[in-house]
K.L.:
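The structure that follows is given in the form of structure tokens.
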Amino acid sequence: MASEAAAVATSNERKLTIARAMAEATAQEMRTDPTVFVMGEDIAKLGGVFGNTRGLLEEFGKQRVRDTPISETAFMGAAVGAASDGMRPIVELMFVDFFGVCFDAIYNSMAKNCYFSGGEVKVPVVLMTSTGGGYSDAGQHSQCLYGTFAHLPGMKVVCPSNAYDAKGLMTTAIRDDNPVIYMYHKGLQGMGWLGTEPLANVHTPEDTYEIPFGEAAIVRQGTDVTLVGCAMGVHNALKAADKLAEKGVSAEVVDLRTLVPLDRDTVFNSVAKTGKLIVVDEDYQSYGLTGEIIASIAERDVSVLKASPQRVAYPDVPIPFARVMEQHCLPNPDKIVAAYEKIA
Amino acid sequence: MASEAAAVATSNERKLTIARAMAEATAQEMRTDPTVFVMGEDIAKLGGVFGNTRGLLEEFGKQRVRDTPISETAFMGAAVGAASDGMRPIVELMFVDFFGVCFDAIYNSMAKNCYFSGGEVKVPVVLMTSTGGGYSDAGQHSQCLYGTFAHLPGMKVVCPSNAYDAKGLMTTAIRDDNPVIYMYHKGLQGMGWLGTEPLANVHTPEDTYEIPFGEAAIVRQGTDVTLVGCAMGVHNALKAADKLAEKGVSAEVVDLRTLVPLDRDTVFNSVAKTGKLIVVDEDYQSYGLTGEIIASIAERDVSVLKASPQRVAYPDVPIPFARVMEQHCLPNPDKIVAAYEKIA
Amino acid sequence: MLPTYEQKLWMYEHMLISRYFEEQIEQIYLEGKTPVFNMANGPIPGEMHLSNGQEPTAVGICAHLTPEDIVTATHRPHHQAIAKGVDLNKMTAEIFGKKTGLSGGRGGHMHIFDPAVNFACSGIIAQGLGPAVGAALSRKMQGKEGVAVAYMGEGAANQGAFHEALNLASVWKVPVIFVIEDNAWGISVAKAESTAVGDNSLRAVGYGMPGHMIPGNDPIAIFDVAGEAIARARRGEGPTLIEIETSRLAGHFMGDAEGYRPAGELDSLKAVDPIPTMRNRLATEHGLTTSEDEAIAGRARKKVDDAIKFARESADPAPEEAFEKVFA
Amino acid sequence: MLPTYEQKLWMYEHMLISRYFEEQIEQIYLEGKTPVFNMANGPIPGEMHLSNGQEPTAVGICAHLTPEDIVTATHRPHHQAIAKGVDLNKMTAEIFGKKTGLSGGRGGHMHIFDPAVNFACSGIIAQGLGPAVGAALSRKMQGKEGVAVAYMGEGAANQGAFHEALNLASVWKVPVIFVIEDNAWGISVAKAESTAVGDNSLRAVGYGMPGHMIPGNDPIAIFDVAGEAIARARRGEGPTLIEIETSRLAGHFMGDAEGYRPAGELDSLKAVDPIPTMRNRLATEHGLTTSEDEAIAGRARKKVDDAIKFARESADPAPEEAFEKVFA
Ligand SMILES: Cc1ncc(C[n+]2csc(CCOP(=O)(O)OP(=O)(O)O)c2C)c(N)n1
Ligand SMILES: Cc1ncc(C[n+]2csc(CCOP(=O)(O)OP(=O)(O)O)c2C)c(N)n1
Ligand SMILES: [Mg+2]
Ligand SMILES: [Mg+2]
């Protein structure tokens, strides 16, 4: 198998889903740090609609694992208040699509209070939220919104592509003294009912470990083109790399892992080597991630770009329900191959 | 004087502020179309905190010019409901910074109901909102958030740089059958207490006229570098062009006028001519407007970029209150000149 | 305001249409999803929220409405749509993601829009409340007939939009009825764990409007209370809040194992299923005969079967139609 | 729970500090802004919301609080901050945008954070309500002393955050007091034009918590009611909603011409200015002498003057400090 992650996945060691990796990291931190607690809709008895809080209620009880009313503004605000008072809340926004009902509490308060207080007030919140489509959940339940969160200052933004990273990034997130938006893709969550990507389920050590923010991973080495993405984009890129390899093209795949901080160096160095760049993103194309990556390279040294950089992103349309239309819009390996062929 | 807008401004004809131009366009449409009405906080008796609804209550009465409670979710939703039922609401979000308390009603409903209904339900709302800083209103009252709105599908996004455009774009916005986010910059509004830019007050015909969306304006011709921006960015660019001219550098200035639809052709053609691109933006730098413009050019044909494109944008920090810090962060003509010198 | 026998029959028939519809959808939804349940598969992909048990809230209210009246509905919209008179063929085709669907397959089950009968719904909790106020305002401003009804679940009554919309409706005195379907659950969270008051109609006091709580999942009691409230709104006397006790006879969405439901709850709810209850009442109080009942049921079934046939036989949209209708 | 004479004197002194402070700020704010009023100019740029007239709401509540208790305040925060014991030097320096300010000049007048006394505020209406619930929850979970007080204006009571936070506080039974400063105006919009009920304390019913309306802008009445509510919260009996009738003796912000105020309103409000009222009461009820009063006033003035001196003499931040403290 081609990618490093995939290589790990084939080993005999313990594989987890991202959902279980998140829950495990959370439980481990809750065991050692009494200030960590979890709240959100359906995260207690149900264990989270996407499974990432399963088992926590049973182990930690309902004081520390709290179902909330459908009141995102109040409980996001409550996370800010509790975090400012010495707690380390992990709070779930069930679908990232719902951010519009509570974004003020997030971007204007959670993200800025550290600054407004000159660093005197720390707001260590982990905001977990599900992203992504592909299973016909339509326009209010399938968005990624990576660009929306990454655009605004004061929040770190994490988007793992596999369970190993998911666990380490979760541990780092919980220990971080800042708000961290932890965006997990439903299609990588290991929940069969969402049609999960098996390559996201990789070896995940039982012991606790951190993955530093701001360090992209080169998940496949290559020389002819750099494919950059996060979360599901990485899997699309890896599959495209396989297809390109069949054509004799050697693609390097960069998994950004965190969008804020963004590891521009790794992407730049890769593009400086390959001369070609394709950015893959399931978020809307315009004014988003793909633009940022391309601009980051071009502004640094446009001469490294030996061909016009390309984007394979979600088109600027609401996400349609019907399978044929949704699949037509989603990034996929073939589109990446086609983008390469355009600039080959 | 250098720019076209500025040239118009020096003529003897009737000059308006953007605030008055907006109010005039609104009044003219209200006279001919009984379905147009205005609502928002302090837009009736006060005439809008930023003056853009002044005189409307007196002429049209309180049925059609409605102060609202501080309930943005409800009245943005109400705009959707009224628009879907045959009205053409103009609704004000006093500061764009407040979008977080009501964004669901905007981006998930106002912007998508046309799509969700297969075009059967039209949602002709004009959402006016003030942007921008420079007068020490700090981190929750000085943002631009152009990228935030332009990133998400289903909304047109307008940001005038002068009164002539402001009036024509407002008329077009009111007549458009789609949601239009009309972002006016406080520093261009012609309200002295905000320290207004005099070059925004230009000749504005009394008769009604439309300015089509998606057509950028070349507000200054040049051959050596293309400066691209919107709203206040245009004025910074024009002033930078003056300074560059003193150094013998001929800068072309493109006023985007609308971010959605975005006139990529005009920008591309200009850069194809000049070979150099600097994008100016008062919104946060990363994952925003500057990235989109640069990527749009690079993906089309990177070879037109004879030097690394540059951005002069707001850094990725919350907007500080203290004047020295805020001014340090804001884009300005000198920063644009410096960016040029870097790639000259 | 008690229903006539005719109105009761109308309610009963629409309850049946709704229930048959959900039963059909339930079956078809599972096609392609066994043995492995994957939402992405089958003729109806995505989430599916069935309304079994909640039919009374739909018919008791909508019996008073004309196509000119406005309904903004929830993520669980089928019963509401059927009672409001949404074109069942096009709605079913929409749920199947077909080109003949209300939006050509763009919206799906949580985004049913039928402007011909002024029906809309949304997948975001409480999102329809502001729009209902706006539509009611529009009628008032245009001097046109029509009231707006905003449906929500009891879980939705804890959203900020609830507060803002009720206040605004009252301040502007517009003709809108807020209807809470209290099925006791918001996904896995019980009402008592999410709501500071047992009875949401108490909250009406905070908005200077009448509030009513209707127990018993009883279409006739709902008809009665709604009739007064809607007449009041039509008279220009402003909004009303109504909470209706109803029951969710299925999981929150299909695939929900409902491990959180107390043992026995579902059985005791099924024992008071509003459909047999209504049937018995029509039989005992009005002498509805078995053959009359069968005729009604047959019509209901046929309507549903026709709609499903229409949907099944309709073509998929072309993939590139995804790019159309973003703007009008 | 009536205040002792000592407590009354504490309240009076803090009302004076607050009023003197605002009077000084008002003057200094105008420096550099005449003849042309431009918010960007002068030693205090940006918006300025003065609290003149609203001192009772600050002292009546905060008289019961210790530094360990939490206050989340509004865009009009000076009186609240002073009563809560925020470091006046650092706060003033913050308002001047100085390096010695609470945040080194990053926040300014609408973003006063003093964790030493658990004080925070915000420029977004009703933004502090959720955080107050969270801080109260934090105390409960940590088993630590402390109640949270969330201030808001009467205009803020129509925000969705109000509804959500009150409901959540009640469901979780956390020690939080919601305090509405009803100054009758939300910028130019009168309460009656924005609010469906005359008395917001009625809304408490919808959250199963006690609600109180306190007329008369009277610090002693506020002290009384707040004392019970805070004691109740400390006993673990949950949240309370209090609405206080108060008065805005200035424009919404500086520069507001207040064309919307009915003629005479301001004069009649000034006639019942709470500060002379309190002074008279202390004199008649407790025999406060003129010289005692002057001593208090002198102390208050000195505190304010010292703070202003401190702020004026402090250095500006370095421009590039703008890039620091985005993250902890
Ligand atoms: C703003 C928002 N938050 C959360 C959700 C996820 N969600 C969908 S349905 C639901 C429960 C709704 O409960 P209720 O309002 O009682 O309606 P019911 O499902 O019982 O009909 C939740 C939390 C959502 N769609 N929108
Ligand atoms: C969410 C939001 N909407 C609007 C505003 C603009 N705004 C600032 S103060 C104010 C009026 C607030 O009125 P009230 O709550 O009564 O407080 P007061 O100013 O009277 O103290 C408004 C509308 C804001 N800051 N935040
Ligand atoms: Mg429910
Ligand atoms: Mg007020």
K.L.:
Looking only at heavy atoms and a cut-off of under 4.5 Å, which of C:Ala318, C:Gly155, C:Ala126, C:Gly153 has the most pairs with chain A?
P.N.:
C:Gly155

K.L.:
Taking side chain as everything from C-beta outward and backbone as N, CA, C, O, which of these in C:Val189 sits under 4.5 Å from a heavy atom of chain A? Side chain, backbone, both or neither.
P.N.:
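Answer is both: backbone and side chain atoms of C:Val189 are under 4.5 Å from chain A.
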
K.L.:
Taking every heavy-atom pair that is under 4.5 Å apart, which of C:Ser122, C:Gly259, C:Ser103, C:Gly101 has the most such pairs with chain A?
P.N.:
C:Ser122

K.L.:
Heavy-atom distance under 4.5 Å to chain A: side chain of C:Met110, backbone, both or neither?
P.N.:
side chain

K.L.:
Less than 4.5 Å to any heavy atom of chain A: does that hold for the side chain of C:Phe327, its backbone, both, or neither?
P.N.:
neither

K.L.:
Does this structure show an ion pair linking C:Asp256 with C:Arg248, if we count only N-O contacts that are shorter than 4.0 Å?
P.N.:
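C:Arg248 and C:Asp256: salt-bridged.
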
K.L.:
Could you look at A:Thr73 and say if it's the side chain, the backbone, both or neither that has a heavy atom under 4.5 Å from chain C?
P.N.:
neither

K.L.:
Heavy-atom distance under 4.5 Å to chain A: side chain of C:Ile125, backbone, both or neither?
P.N.:
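Side chain only.
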
K.L.:
Salt bridge or not between C:Glu94 and C:Lys98? Use side-chain N to carboxylate O under 4.0 Å.
P.N.:
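No, no charged N to carboxylate O under 4.0 Å.
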
K.L.:
Looking at A:Ile319, A:Val324, A:Leu194, A:Ile70, which makes the most heavy-atom pairs under 4.5 Å with chain C?
P.N.:
A:Ile70

K.L.:
Taking the side chain as everything from C-beta on, heavy atoms only, tell me whether C:Gln54 gets closer than 4.5 Å to C:Gln80.
P.N.:
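When only atoms from C-beta onward are counted, C:Gln80 and C:Gln54 do not touch, as no gap falls below 4.5 Å.
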
K.L.:
Look at C:Ile44, C:Val36, C:Asn158 and state which one has the largest set of heavy-atom pairs under 4.5 Å with chain A.
P.N.:
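Most heavy-atom pairs within the cutoff with chain A belong to C:Asn158.
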
K.L.:
Relative to A:Tyr184, does A:Lys186 satisfy both conditions: NZ or CZ under 6.0 angstrom from the six-membered ring centre, and within 45 degrees of the ring's axis?
P.N.:
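No, A:Lys186 does not sit over the ring of A:Tyr184.
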
K.L.:
Is chain A contacted by the side chain of C:Ala157, its backbone, both, or neither, given a heavy-atom distance below 4.5 Å?
P.N.:
neither

K.L.:
Using the ring-ring contact (aromatic ring centres under 6.0 Å, His included) rule, pick out the option among C:His111, C:His109, C:His252 that qualifies with C:His75.
P.N.:
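Of C:His111, C:His109, C:His252, ring-ring contact (aromatic ring centres under 6.0 Å, His included) with C:His75 is met by C:His252 alone.
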
K.L.:
Checking C:Glu154 against C:Asn200: is there a side-chain donor and acceptor pair closer than 3.5 Å?
P.N.:
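The answer is no; no qualifying pair exists.
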
K.L.:
Considering only heavy atoms, which portion of A:Glu72 lies under 4.5 Å from any heavy atom of chain C: side chain, backbone, both, or neither?
P.N.:
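Both backbone and side chain.
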
K.L.:
Between C:Gln127 and chain A, which part of the residue has a heavy atom less than 4.5 Å away: side chain, backbone, both or neither?
P.N.:
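Contact with chain A involves the side chain of C:Gln127 alone.
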
K.L.:
If the threshold is 4.0 Å, N to carboxylate O, is there a salt bridge linking C:Asp316 and A:Arg323?
P.N.:
no

K.L.:
Taking the ring centre of each residue, are A:Tyr287 and A:His151 less than 6.0 Å apart?
P.N.:
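Ring-ring flag for A:Tyr287/A:His151: false, centres at least 6.0 Å apart.
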
K.L.:
For the interface with chain A, which of C:Pro45, C:Gly46, C:Gly104, C:Ser194 has the highest count of heavy-atom pairs at distances below 4.5 Å?
P.N.:
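Most pairs with chain A among the choices: C:Pro45.
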
K.L.:
Thinking salt bridges, do A:Glu59 and A:Arg64 make one under a 4.0 Å N-O criterion?
P.N.:
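Answer for the salt bridge query: no.
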
